[in-house]
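Below, chains carry the letters A, B, ... as their sequence lines are ordered, and counting in each starts from 1.
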Amino acid sequence: MNIIRDRWRKKKTRGTSIDIDSIAQTKVLSDDITDIANRHLLIRRSLEKLNEDQRKVIELRIIEGYSVSETAGLMGIKAGNVRVLQYRALKNLVIIMNEEENHHE
Amino acid sequence: MNNVKKLSDFIDSLNDEKKPTVKADSEELNRMFDAVRQIKSLKSPAMPDEDFPHRIIQNLTEKNRHTAKSGKRTWAGGFAGIAAVLAVALLANFAGPIKNSYVVYAVEQAYNDVKAYHGTLEVVFSNEAGETQTQSVLDVWADKSGNYYIEVLEGSYKGLKTVSDGKNVWQSPTDENAMNVLPVFSETNEFIFELGNEVDELQNAESARIIGDDDIAGRPAYVMEVTPKGGLPYKLWVDKGTKIPLQKQSSMYKAIQYTTRYTVINFAESIPEELLTVGPDTGFKEVDPDGYKNTVKNPDKPEDITADIAENNKADSDTAKYTPEITVDVDMDIEKAEQIAADSGSSPWKLDPVYVAQVFISLQISPEGIVGEYPIHYNEFVIAESNGTSAKIEVISEKTHIKAVYLEKLIRQDDTGIWTVTGYDISP
């Protein structure tokens with residue numbers, strides 16, 4: 001009986017135990033996913049600011065994963081033009097993303 | 001290697017899921033590589049399939065239930081989990097519509113440049129057993145104003161020409177009953193693989209995604225799975241070169257699947273004027289495009305159809321068109337069983353009255369069974385009369401004394417109903 005009482009006293013003193021690690025991990029995961037979602041929103045917003053051909057080449061080449069020749073076929077342009085177009089598109093995108101980030105900070 | 005090439009190689013490596021070997025030698029290129037990685041993350045590697053969010057919810061529910069049983073309550077974890085699910089669902093919504101959107105766009109753009117086209121359209125049906133049969137081959141001319149010209153090159157209505165100006169439909173040789181026969185496909189008025197309609201349907205689809213590559217009539221094509229708003233999904237083959245749809249395959253429905261394909265297609269400025277001429281001396285007669293619909297019954301309510309059979313048959317007998325000299329006894333139990341078998345994909349030829357007549361005549365000539373070629377060729381049968389539920393097929397052959405075969409759809413009167421021989425005429 002004394003042992004039980006001692007345990008009860010200890011518990012009362014210490015309070016209810018909580019698995020802090022599990023809460024912390026889940027919260028971090030949640031924050032990460034929120035960050036990813038925000039990041040994706042930023043990329044989307046930035047993509048929308050590119051001109052149509054630049055947006056198209058990025059979607060075909062990077063998001064959908066088509067080869068240069070397939071993208072050229074889909075867009076009706078030469079393979080060399082695809083490479084140049086995607087270079088210019090990404091160059092612009094980096095600038096726009098930086099502007100977007102600065103604007104929202 | 002210049003930066004343009006480096007960037008392209010970097011993208012290729014990521015597309016091939018390989019570690020990029022190319023190095024960025026400037027801060028600018030490094031940022032572009034980083035941007036490529038971030039854009040790549042828009043694609044949905046975390047979404048193996050559409051059921052993924054549901055599985056997460058289920059797993060979290062089970063996990064929470066387990067946690068509750070063990071006496072631990074991690075409310076913060078629960079809310080974070082829900083937030084995680086919502087975030088993943090959000091990502092899924094972003095990742096979904098963008099996929100393959102530019103193939104749809106490319107099809108739309110390609111069709112915008114089309115003024116008129118001329119092609120050979122093949123209509124094939126197959127059953128669950130994998131048996132296929134070419135139902136018809138059509139010569140098709142169409143333009144964007146709704147005009148079209150269709151001539152049946154092969155099939156039950158060989159020679160039948162259909163012309164439309166987008167509103168009215170004319171046919172030649174004039175056959176008032178042809179409209180009511182086999183209404184599923186374009187031996188009648190219905191133009192089933194009109195490119196404008198296909199592009200519209202693709203644009204308005206619930207989803208459209210590339211599921212593979214194939215070859216249609218020697219042309220490389222993307223295979224797309226299209227789910228229309230309110231309908232069964234179908235497959236569409238899009239020419240990789242022209243971005244024009246070449247083939248469409250329906251879902252298997254009632255054990256039957258239809259495939260329509262342009263084996264040849266060319267683009268033109270307009271339809272030759274002479275093909276659209278339907279003046280009084282041309283043999284064309286205006287027909288009612290919706291006429292056949294009145295004869296189609298609801299296949300889900302066979303009792304309604306059965307109740308109408310007697311009335312229909314009476315009406316037919318009044319015209320005496322479908323009264324044979326010699327009546328063939330029909331066992332309705334066998335016919336019902338045959339209909340069920342056809343519904344499950346067996347004997348698709350029973351849906352074609354000409355084939356049924358051909359088999360009937362062949363068995364009259366060779367009662368022991370048909371070995372090798374049919375004694376009378378398919379082309380030696382001609383549909384003399386038909387209203388969609390009754391038909392009279394004339395036999396043009398000296399190999400048999402039977403000159404006409406009478407058939408009826410006894411069990412079901414829609415396009416899935418089998419034909420049964422009910423009688424025949426013999427030569428005098």
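- Atoms CG and CG, from Leu90(A) and Leu29(B) in turn, are 10.0 Å apart once rounded to the nearest 0.5 Å.
- Heavy-atom minimum distance, Val103(B) versus Glu64(A): CG2-OE1, 4.5 Å.
- Against chain B, the residues from residues 75-85 of chain A that qualify, each with a non-hydrogen atom under 4.5 angstrom away, are Arg83(A), Val84(A) in number order.
- With sequence neighbours excluded, the residues that form a ring pair (Phe, Tyr, Trp, His ring centres under 6.0 Å) with Phe10(B) are Phe33(B).
- Within a 6.0 Å radius of CD in Glu27(B), more than 12 heavy atoms belonging to other residues, nucleotides or ligands are found.
- Looking at Glu28(B), only its side chain comes within 4.5 Å of chain A, counting heavy atoms on both sides.
- Across Lys40(B) and Gly65(A), no two heavy atoms sit closer than the pair NZ-CA, 4.3 Å.
- One N or O on the side chain of Asn15(B) and one on the backbone of Arg61(A) form a donor-acceptor pair closer than 3.5 Å.
- Using a 4.5 Å heavy-atom cutoff, the side chains of Asn98(A) and Arg31(B) are in contact.
- Between the side chain of Lys240(B) and the main chain of Glu70(A), no donor-acceptor pair closer than 3.5 Å is present.
- Distance CD/Glu59(A) to OH/Tyr105(B): 11.0 Å, rounded to 0.5 Å.
- Of the two parts of Leu74(A), the backbone and the side chain both hold a non-hydrogen atom closer than 4.5 Å to a non-hydrogen atom of chain B.
- Proximity to chain B (any heavy atom under 4.5 Å) is restricted, for Leu93(A), to the side chain, taken from C-beta onward.
- No more than 12 heavy-atom neighbours from other residues, nucleotides or ligands sit within 6.0 angstrom of CZ on Arg88(A).
- Closest heavy-atom contact between Met32(B) and Lys91(A): CE-N, 3.7 Å.
- Contact of the Ile210(B) side chain with the Tyr66(A) side chain is registered, since non-hydrogen atoms from C-beta on lie closer than 4.5 Å.
- For the atom pair CG (Leu14(B)) and CD1 (Ile62(A)), the distance works out to 8.5 Å, reported to the nearest 0.5 Å.
- In this structure, no portion of Asp34(B) lies under 4.5 Å from any heavy atom of chain A.
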